[in-house]
Amino acid sequence: DFTGHGGGDERLIYDVVRFTRGDDFDTTSMTTVDRSAESHYLAFAAEHSRVLGGQLVDVEEFKKTIGA
């Protein structure tokens with residue numbers, strides 16, 4: 001079942017609740033803000049490429065155009 005990103009959404013909420021309670025939990029699913037932002041930049045650049053008919057997009061240059 002791929003509902004909610006294959007269960008990832010449910011796991012995210014589970015981890016947030018445990019974190020805010022101060023419970024011990026497995027932190028291997030956590031990432032940094034920088035890594036999360038980078039993955040979003042890649043997705044935005046991929047969408048930009050799609051809109052441009054598959055044109056190659058330099059991610060670093062694309063980030064400059066969006067003010068990242």
Side-chain angles (χ1 to χ4, degrees):
D1 180 20
F2 292 105
T3 302
H5 297 101
D9 290 349
E10 183 178 328
R11 179 60 192 226
L12 174 66
I13 298 303
Y14 175 80
D15 286 348
V16 168
V17 169
R18 294 199 64 182
F19 178 77
T20 56
R21 281 199 236 164
D23 297 345
D24 288 332
F25 67 99
D26 181 11
T27 60
T28 58
S29 64
M30 295 179 76
T31 186
T32 65
V33 170
D34 290 337
R35 285 188 179 184
S36 182
E38 191 66 26
S39 69
H40 283 75
Y41 297 140
L42 291 172
F44 295 144
E47 174 61 8
H48 186 64
S49 171
R50 184 195 68 80
V51 168
L52 297 175
Q55 182 178 332
L56 185 63
V57 173
D58 181 299
V59 176
E60 293 304 317
E61 290 300 315
F62 178 76
K63 285 167 55 177
K64 290 176 188 174
T65 67
I66 62 171

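What you see is a predicted model; the values in this text were computed from it and never measured.
Residue Ile66 holds its CD1 atom at 12.5 Å from NZ of Lys64, rounded to the nearest 0.5 Å. Atoms CD and CG, on Glu10 and Asp15 in that order, are 11.0 Å from each other to the nearest 0.5 Å. The line from CZ of Phe19 to CG of Asp24 is 12.0 Å long, rounded to the nearest 0.5 Å. Rounded to the nearest 0.5 Å, atoms CD1 (Ile13) and CZ (Arg18) are 14.5 Å apart.
Looking at heavy atoms from C-beta onward, Tyr41 lies out of side-chain contact with Phe62 at the 4.5 angstrom threshold.
Salt bridge annotation for Arg35-Glu38: absent, with no cationic side-chain nitrogen under 4.0 angstrom from a carboxylate oxygen.
Pairs of residues two or more places apart, or lying in two chains, that qualify as side-chain hydrogen bond (donor to acceptor under 3.5 Å, both in side chains) and include a residue from residues 47-57 are Glu47-Arg50.
Annotation for Val59 and Ala45: closest pair CG2-CB, 4.1 Å, computed over non-hydrogen atoms.
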